[in-house]
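All ligand and atom numbering here is 1-based and tracks the order in the structure.
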Amino acid sequence: MMATTHALAGVFIGTIAWALFPEAGTLPVLAAALGGLFPDFDLYAGHRKTLHFPVYFSILAVPALAIAAWNPTTVSLAIALFLAAAALHSASDVLGGGLELKPWLATSERAVYDHWNGRWLAPKRMIRYDGAPEDLILATSLAVPPVIVFDGTIQFLAIGAVAVSGVYVLLRKPMVAAAEYAVAAMPDHIIDYIPERFVRDLQ
Ligand SMILES: [Zn+2]
């Protein structure tokens, strides 16, 4: 799934929490958006392993949510929603595609790393790949409640995330073709300077 889909999933659960505890304000909703985005900061270093913890984030999120429900403050809700959104992101990556350069070909058996059991979990491909049309439908659906409920920053960010997602979906396959073309056109002595994992799939 797209990073924006994960961020909007965070905003979605943040919106539910805000409906339950409006006195905590909208900061927890933003924390949830950040938590939804956070695991994908490992994109360039051990993607879906370094910052993706489907089990550990979940283990941390459960007591944090219990504390926030018992004592709902801005801080307790922000921490709980950050962890819950990061857990949801890490766990739901299993439902998407694999880690290969062209995930629509469905050749990789690696969706997300399970540190608890020390193995890669296989992709279920309910969302076939990040940037698939069904990914955009999911992202747009998740954006509906926050766009209706909020004015200002959160509404603006949710609409912006859907717009960015739409552009990404249009460019998803052409981007790979362009990268392949660029690598094919590059002289070998330049390719030597690019980390191997960025060019391996492209040659
Ligand atoms: Zn991810």
Metal environment of the Zn ion (ligand 1), protein N/O/S under 2.8 Å: Asp40 OD1, His52 NE2, His89 NE2, Asp93 OD2
Whether Tyr56 and Phe53 hold their rings parallel, tilted or perpendicular, with breakpoints at 30° and 60°: tilted
Electrostatic pair Asp42:Lys49 at N-O distance under 4.0 angstrom: no
Worked check of side chain to side chain donor-acceptor pair (under 3.5 Å) between Asp93 and His52: CA-CA 9 Å; Asp93 267 347; His52 285 63; 3.0 Å; yes
Test ring-ring contact (aromatic ring centres under 6.0 Å, His included) applied to Phe150 - qualifying residues, sequence neighbours left out: Trp18
ring-ring contact (aromatic ring centres under 6.0 Å, His included) between His89 and Phe38, worked out: CA-CA 9 Å; His89 174 148; Phe38 177 75; 9.2 Å; no
Within 6.0 angstrom of Met175 CE, more than 12 heavy atoms from elsewhere: yes
